[in-house]
Amino acid sequence: MHHPQPHISTPASASFAAAAAFDFKPAKRRGSYNCGRCGLPKKGHVCHLNSSTNPTSISTPTSSPSAVTVENSSSASRPPHAPPIRQSYTHLRRALSFDDIETRADSPERDLDDSDSPYPGMDLDPDNEMVSGGLPAGCLWEVLRRLPPAGLLASASVCKGWRETTKRLWRAAEELRLMVPPKGQLRFIGSVLKKCPSLVRLSLKMESDVDATMLACIAFSCPNLESMDISTSNTAVNRITGDELGRFVADKRCLTSLKMEGCSNLGGFVLSSSSLSTLWLSDLYSLSKMVFNCPNLKEVSLEFSRQENDTTDLTTMVDAMGRSCPRLQNIHIASVRLSHAVVLSLTAANLRGLRMLSLVLGSEITDASVAAIASSYSKLELLDLSGSSISDSGIGMICNVLPNTLSRLLLALCPNITSSGIQFATAQLPLLELMDCGMSVCDPDSQNSPCDESGDNELPNALNNKLHLMYQKLIIKHSRLKKLSLWGCSGLDALCLNCPELNDLNLNSCKNLHPERLLLQCPSLQDVHASGCQESLIGAIKSQVSDSMVSSENQFQCKRLADGSKRVRAPDCLSQEASDDKKRRKVVEQQCKVLVD
């Protein structure tokens, strides 16, 4: 029997505590005349199924999300199965939500006596162990562990058996995702965290203010915390200062991941940790000092507020971060104060392991900055220079240095690049899988039309530039491109795509794209975003997508036999495989969605 992937897991250090917690006596009930172990009548009966004749060994795989595994002696001779990989959570949803349940009912590798039992420390069959109300303990465990925290707290008030089961569930919890209400937040979070002594990953969605008291409560209640995510709603304020955050990071010696939103009140910070490897801070503003003493830091994301009066010295910050964090692999910095000097400080750090670089909203980043990046980091896999002032020359330098490694290129909000530069990048980067050029090829009339205060001599030049930029065509032929974003490219009037692997195309607000100048030869398309486009263009997209689906269905050649019956002939590449397997293969129909708001 297969169990869906649970949302509560137990680390190796808490396996014996959870096993001991499971050894409890069920509530007394009337009318039980049969043995709970073998089912025979109790009168004059000596049960031969005791714990001494059925030894168990408890093992806790590190990557399995089940609570604790119990391996019976009958299944000890079987080869061990590879534990499933933990799922990573990219969004802060409520704890124990149903979004991440993995149904494995059709997996042939697991059976009833497999070693992935979620009932720790039970030497009896959980289906024969009964709780109040006649419900098997195993069934109750499977039901309660899928409840959100509020439902789990309410279920403890049903009866004694349910209360004991919920206590064991809380003690076995390894990850918790919680939404904190605006009232009574400290009391609520304290009462929940004290129930989870084995908690290592915590994600909080705050609807109330966050302060040092909340941080101290987390530090006291979660001694083995490894990952903490704090996101704030629109009405919540993060009042944590830089000194308080620095003390928290220094005290949590097991902390490896820290993600926090609304960090506008930090003022400055000094982070010292030998275990921290991932750091995400957003809404930063006017930081007086930033010291990173994290030798094992591999990923950093710093997003600053978009206020012009921000006084953060990014050049000094990047220089210090490059010297104290030599193992950095992924860097993301979003700030309007990014400049060529910041890029030079970053290239001087000589981070040999850097693979992903994202410098967003830096209008002072030019082609000279691209030359410095290309000369220092020739193994980049992702490059994001959205909001910069680079031109087609900068794209040429990127293509000359990174043709064998670059797979994701993002150049949104770059007004100086044209369709020729985009076309050149797709032709020179064979490994490219994602490209974002949104709001790059724009119609000047939709942005900055010639104002009335311009002179009569400047008006013809503006009109000529408008005509030059408005009527541009883009032709892309690529064998590996999977995602292409041209949102807001109102300067395009013709588009031709020949990308067999393309599955996601964004054409939102491409207002000047003519339907008769659109050609989509992308049989793998799954989603086409066409919000804000003309009705005729949307109709042309739907017709071309449906035609490509029909052509993919009729890809096999047909012929008629002597009796006039019609037969389908398989292609040569499948003939040998079909003769060996002697199985019928069905063509999977993929329907493309045209998304229009």
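Every value quoted in this text rests on a predicted model; they were computed, and no experiment measured them. Side-chain atoms are counted along with the backbone in the values below, which use heavy atoms only and exclude waters and symmetry mates.
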Point to revise | R323/D319 salt bridge by N-O under 4.0 Å criterion | key: yes

Study note, to complete from the structure: Tightest non-hydrogen contact, residues L413 and S440, listed as N-OG, 3.7 Å

Point to revise | Donor on one side chain, acceptor on other, N416 and S391, under 3.5 Å | key: no

Review point. How about I333 and V318: do any of their side-chain heavy atoms sit closer than 4.5 Å?
Key: yes

Exercise for review: Show the numbers, then the answer: is there a side chain to side chain contact (heavy atoms under 4.5 Å, CB included) between M317 and L287?
Suggested key: CA-CA 10 Å; M317 181 269 293; L287 298 180; over 6 Å; no

Point to revise | Spacing of CZ belonging to R247 relative to OG belonging to S272, to within rounding of 0.5 Å | key: 13.0 Å

Practice item. To the nearest 0.5 Å, tell me how far L152 CG sits from L169 CG. Key: 5.5 Å

Review point. Any donor-acceptor pair under 3.5 Å linking the side chain of T312 with the backbone of L314?
Key: no

Point to revise | R146/E142 salt bridge by N-O under 4.0 Å criterion | key: yes

Practice item. Could you grab the distance from atom OG of S203 to atom NZ of K205, nearest 0.5 Å is fine? Key: 11.5 Å

Check your understanding: So, does S198 use its side chain to make a donor-acceptor pair with the main chain of A172 at under 3.5 Å?
Key -> no

Check your understanding: Is there a donor in the side chain of E299 and an acceptor in the side chain of W280, or the other way round, less than 3.5 Å apart?
Key -> yes

Check your understanding: How about V342 and S345: do any of their side-chain heavy atoms sit closer than 4.5 Å?
Key -> no

Check your understanding: Is a donor on one side and an acceptor on the other found under 3.5 Å between the side chain of S191 and the backbone of F188?
Key -> yes

Exercise for review: Say whether, by atom type as modelled, one donor and one acceptor occur between the side chain of S305 and the main chain of S264 under 3.5 angstrom.
Suggested key: no

Review point. Hey, does the side chain of S407 reach the backbone of E381 with a donor-acceptor pair shorter than 3.5 angstrom?
Key: yes

Check your understanding: How about Q526 and K593: do any of their side-chain heavy atoms sit closer than 4.5 Å?
Key -> no

Practice item. Would you mind reporting whether L215 and M228 have side-chain heavy atoms less than 4.5 Å apart? Key: yes

**Study point:** Salt-bridge criterion met for K483 and E433 (N-O under 4.0 Å)
**Key:** no

Exercise for review: Would you check if L434 and L410 make a side-chain contact, meaning some heavy-atom pair closer than 4.5 Å?
Suggested key: yes

Check your understanding: To the nearest 0.5 Å, how far apart are OG in S273 and CG in N296?
Key -> 8.0 Å

Practice item. Kindly give the heavy-atom pair with the smallest separation between M260 and L245, and that separation in Å. Key: CE-CD1, 3.9 Å

Point to revise | Non-hydrogen side-chain atoms of K379 and R355 separated by less than 4.5 Å | key: yes

Exercise for review: Check L279, N293, V291, L258 against L271 for a side chain to side chain contact (heavy atoms under 4.5 Å, CB included) and give me the one that passes.
Suggested key: L279

Point to revise | Under 3.5 Å: donor-acceptor pair, side chain of K252, backbone of C222 | key: yes

Check your understanding: Would a 4.5 Å heavy-atom cut-off, applied to side chains only, mark D283 and N238 as touching?
Key -> no

Practice item. Taking all heavy atoms of H529 and all of L595, pick out the closest pair and write down the distance. Key: CE1-CD1, 3.3 Å

Practice item. For a side chain to side chain contact (heavy atoms under 4.5 Å, CB included) with I189, tell me which candidate from K194, M214, M206 qualifies. Key: M214

Review point. Between T165 and R168, do the side chains contain an N or O donor and an N or O acceptor separated by less than 3.5 Å?
Key: yes

Review point. Can you tell me how far CG of L328 sits from OG of S277, rounded to the nearest 0.5 angstrom?
Key: 11.0 Å

Exercise for review: State whether the side chain of S485 and the backbone N or O of D436 hold a donor-acceptor pair below 3.5 Å, judged by distance alone.
Suggested key: no

Point to revise | Steps toward side chain to side chain contact (heavy atoms under 4.5 Å, CB included) verdict (F248, L255) | key: CA-CA 10 Å; F248 177 82; L255 189 67; 4.1 Å; yes

Check your understanding: How far apart are the C-alpha atoms of F304 and R337, what are their side-chain angles, what is the distance that settles it, and do they pass the side chain to side chain contact (heavy atoms under 4.5 Å, CB included) test?
Key -> CA-CA 9 Å; F304 292 81; R337 296 184 60 84; over 6 Å; no

Revision key, fill the gap. Note: A156 and T166 closest approach over all heavy atoms is CB-OG1, 3.5 Å

Point to revise | CG-CG distance between N224 and L199, expressed to the nearest 0.5 angstrom | key: 9.5 Å

Practice item. Could you tell me which non-hydrogen atom of D229 sits nearest to which non-hydrogen atom of S227, and how far apart they are? Key: OD1-OG, 4.0 Å

Check your understanding: Are the side chain of N508 and the backbone N or O of G532 linked by a donor-acceptor pair below 3.5 Å?
Key -> no

Point to revise | Nearest heavy atoms of V200 and L225, plus distance in Å | key: O-CD1, 3.5 Å

Point to revise | N/O donor-acceptor pair under 3.5 Å between D392 side chain and T418 backbone | key: yes

Check your understanding: Which residues pass the side chain to side chain contact (heavy atoms under 4.5 Å, CB included) test with V158, sequence neighbours left out?
Key -> W162

Practice item. Let me see the working for H332 and E303 under side chain to side chain contact (heavy atoms under 4.5 Å, CB included), right down to the final yes or no. Key: CA-CA 8 Å; H332 171 74; E303 294 190 2; 3.4 Å; yes

Review point. Counting distance only, does the side-chain N/O of T256 pair as donor-acceptor with the main-chain N or O of E226 below 3.5 Å?
Key: yes

Check your understanding: Hey, are the side chains of C217 and L186 touching, using non-hydrogen atoms and a 4.5 Å cut-off?
Key -> yes

Review point. What's the verdict on side chain to side chain donor-acceptor pair (under 3.5 Å) for D243 and T241, showing C-alpha distance, side-chain angles and the deciding distance?
Key: CA-CA 6 Å; D243 296 336; T241 62; 5.4 Å; no

